[in-house]
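For reference, the structure is listed below as structure tokens.
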Amino acid sequence: MRPRHPDLPPGWRSAIAAEALAPIDAGAARLRWLDALSLSPEDPEILSGYATFLTDQGREPGDAEHLYRLAVR
């Protein structure tokens, strides 16, 4: 069986799964975001996506700001 998105950059599958899980299970979504970050720690889309997740959850505003700053660089 072929992967559904073989050409995605590293970490993006986890990021896509995290976005899908966020409204259902924030804990599982957080784990997926952390997996995405471990695979692509400098990817601005993943950094800003996780920052947005943290902001939406109303948690860790300092961490979210730091991630946004890294994404801009």
query: How many angstroms lie between CD in Glu42 and CG in Leu70, if you round to the nearest 0.5 Å?
result: 9.0 Å
field: Minimal non-hydrogen separation, Ala36 against Ala15, with atom names
entry: CB-N, 3.8 Å
query: CD/Glu19 to CH2/Trp33 distance, rounded to the nearest 0.5 angstrom?
result: 4.5 Å
message: How close do Ala51 and Ala64 get, counting heavy atoms only, and between which atoms?
response: CB-O, 3.5 Å
- request: Kindly write out the residues that satisfy side-chain hydrogen bond (donor to acceptor under 3.5 Å, both in side chains) with Ser14, not counting sequence neighbours, or none if the list is empty.
  value: Asp35
- prompt: In Å and rounded to the nearest 0.5 Å, what is the CG to CG distance from Leu67 to Leu37?
  reply: 6.5 Å
- prompt: When hydrophobic residues are tied together by side-chain contacts of less than 4.5 Å, even through go-betweens, does Leu31 share a cluster with Trp12?
  reply: no
Check: Ile46 and Leu39 side chains under 4.5 Å, non-hydrogen atoms: no
task: Applying side-chain hydrogen bond (donor to acceptor under 3.5 Å, both in side chains), name anything that partners Glu65, two or more places apart in sequence or on another chain.
output: Arg69
message: Any side-chain to backbone donor/acceptor pair from Ser40 onto Pro10? Under 3.5 Å, distance only.
response: yes
message: How long is the straight-line distance from CZ of Arg32 back to CG of Asp25, given to the nearest 0.5 Å?
response: 10.5 Å
- request: Specify the closest pair of heavy atoms between Pro23 and Ala20, including all atoms of both residues, with the distance to one decimal.
  value: CD-O, 3.5 Å
message: Let me confirm one number: the CG-CZ distance from Leu21 to Phe53, rounded to the nearest 0.5 Å.
response: 9.0 Å
field: Nearest-0.5 Å distance, OH of residue Tyr68 to CG of residue Asp63
entry: 12.0 Å
